[in-house]
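Right, one structure below, let's go through it.
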There are 2 protein chains.
Amino acid sequence: MEHRIDQIKKQLHAQSYKLTPQREATVRVLLEREEDHLSAEDIYLLVKEKAPEIGLATVYRTLELLSELKIVDKINFGDGVSRYDLRKEGAEHFHHHLVCIECGSVEEIENDLLGDVEKIVERDWGFQVKDHRLTFHGICRKCHDGTTTLKK
Amino acid sequence: MEHRIDQIKKQLHAQSYKLTPQREATVRVLLEREEDHLSAEDIYLLVKEKAPEIGLATVYRTLELLSELKIVDKINFGDGVSRYDLRKEGAEHFHHHLVCIECGSVEEIENDLLGDVEKIVERDWGFQVKDHRLTFHGICRKCHDGTTTLKK
DNA sequence: ACTTAAACTATAATGATTATAAATATAAAA
DNA sequence: TTTTATATTTATAATCATTATAGTTTAAGT
């Protein structure tokens with residue numbers, strides 16, 4: 001944890017940004033709740049527990065900054081809210097989402113599903129791929145096994 | 001054009017919805033500007049040119065309905081606006097987007113890039129894929145050729 | 001024509017996000 | 001250390017996209 005914070009601190013400094021207490025508090029929440037796809041509001045509330053004086057706008061600004069620096073991923077499931085995830089240390093961007101249209105659950109999968117596909121896009125369309133977003137919509141295991149009672 | 005309208009009319013009737021004049025006007029705009037990734041606001045303004053008495057909320061409701069019936073695709077490039085495209089007649093959902101991070105252009109490509117990938121997801125994660133969204137972010141041909149002056 | 005439900009317009013309300021102003025902290029220069 | 005300049009912050013207002021509501025109109029079925 002402290003190691004990761006330190007890493008991020010250096011990355012910020014390298015681009016002449018500071019790791020202010022507010023920013024650190026935000027990063028800590030993201031670290032604790034890694035992979036939780038938290039919204040800005042969620043993060044704001046969690047940060048507030050530790051540092052009640054922090055403002056929502058600051059959280060937004062921090063998330064925007066971290067997102068520009070590729071420290072967090074800003075993702076969008078089309079539900080009108082942006083969600084933020086801290087990137088795994090040095091991770092390539094090989095994670096994708098399975099959104100269940102029954103129960104609304106979101107599972108994240110790690111797999112370089114698109115390595116070849118990106119090559120095709122670069123070759124056939126002359127488009128230099130820097131990043132991608134891939135989301136599958138369908139029925140999750142629980143829902144088609146009938147082993148869930150969750151409904152949105 | 002008229003053929004497609006007729007088709008949509010039947011599809012609506014089949015689910016006991018009517019093709020009201022407002023809905024028809026909306027569909028006509030989408031037909032005329034196919035593949036244009038119009039926002040609800042864009043569509044509203046275009047519809048208004050033909051039928052000035054139509055309301056924004058109606059356009060939203062119509063788009064929502066058409067989207068549920070899979071007549072239009074509701075897409076989201078993460079720019080805070082939903083965009084709507086009429087699906088091509090009987091088309092499978094094999095189109096993907098190339099969003100240029102230089103000039104902001106959006107190109108649409110048609111290709112079953114993910115046929116195999118979907119099979120992998122179903123097999124390895126037990127997730128029944130019904131649909132997917134795939135967007136690549138990168139540098140478009142124009143921008144890395146330096147043949148464009150467009151900047152966002 | 002009469003009844004009922006669906007669809008409509010206009011507008012208010014909401015929710016997420018961004019912009020602004022004033023205050024505070026931090027770093028750099030003198 | 002004081003001064004000055006710059007970043008960052010909080011609090012709050014504003015904005016933008018979208019959704020909900022109230023009252024009205026339209027159309028279908030009887």
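All figures in this text were calculated on a predicted structure; none of them were measured in a lab. What you see below is based on every heavy atom in this structure, not just the backbone, and it leaves out hydrogens, waters and symmetry mates.
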Does this structure show an ion pair linking A/Glu24 with A/Lys18, if we count only N-O contacts that are shorter than 4.0 Å? no
Counterpart residues, salt bridge (charged side-chain N to carboxylate O under 4.0 Å, His left out), relative to A/Asp36 (two or more places apart): A/Arg33
Mind calculating the distance between CG (B/Asp42) and P (D/dC16) to the nearest angstrom? 15 Å
N/O (side chain, A/Thr20) to phosphate O (OP1/OP2, D/dA7) under 4.0 Å: no
Could you list the residues that satisfy salt bridge (charged side-chain N to carboxylate O under 4.0 Å, His left out) with B/Lys9, not counting sequence neighbours? none
Each nucleotide N or O in nucleotides 14-17 of chain C that has a protein N or O under 3.5 Å away: list the pair and distance.
| from | atom 1 | to | atom 2 | distance (Å) |
| --- | --- | --- | --- | --- |
| C/dT17 | OP1 | A/Ser82 | N | 3.0 |
| C/dT17 | OP1 | A/Ser82 | OG | 3.3 |
| C/dT17 | OP2 | A/Tyr60 | OH | 2.3 |
| C/dT17 | O5' | A/Tyr60 | OH | 3.2 |

For the pair made of CG in B/Leu63 and P in D/dA17, what is the distance, rounded to whole Å? 14 Å
Nearest-angstrom distance from the residue atom NZ of A/Lys18 to P of C/dA25: 13 Å
Does a side-chain N or O of A/Arg61 approach OP1 or OP2 of D/dT10 to a distance below 4.0 Å, or not? no
Can you check the A/His13 NE2 to D/dT8 P distance for me, whole Å? 10 Å
When the ring planes of A/His132 and A/His96 are compared, do they come out parallel, tilted or perpendicular, using 30° and 60° as the limits? parallel
Tell me whether the side-chain N/O atoms of B/Gln22 come closer than 4.0 Å to OP1 or OP2 in D/dT26. no
Any link between B/Val129 and A/Val99 through a network of hydrophobic side chains (Ile, Leu, Val, Met, Phe, Trp, Tyr) touching at under 4.5 Å? no
Value in whole Å for how far the P atom of D/dT9 lies from CD of A/Glu64: 14 Å
Neighbour count above 12 (heavy atom, 6.0 Å) for A/Tyr17 OH: no
Taking only N and O in the side chain of A/Thr58, is any of them less than 4.0 Å away from OP1 or OP2 of D/dT9? no
Protein-nucleotide distance (A/Glu53, atom CD; D/dA11, atom P), rounded to Å: 9 Å
Measure from the side-chain heavy atoms of B/Ala57 and tell me the nearest of C/dT11, D/dT12, C/dC8. C/dT11
Between OH of A/Tyr44 and P of D/dT9 the distance, given in whole Å, is 14 Å
Can you tell me the distance, in whole Å, between the CD atom of A/Glu24 and the C1' atom of C/dT26? 16 Å
Given DNA chain C, 5'-ward residue of the pair B/Ser16 and B/Lys48, judged by closest heavy atom: B/Ser16
Non-hydrogen side-chain atoms of B/Ile54 and B/Lys50 separated by less than 4.5 Å: no
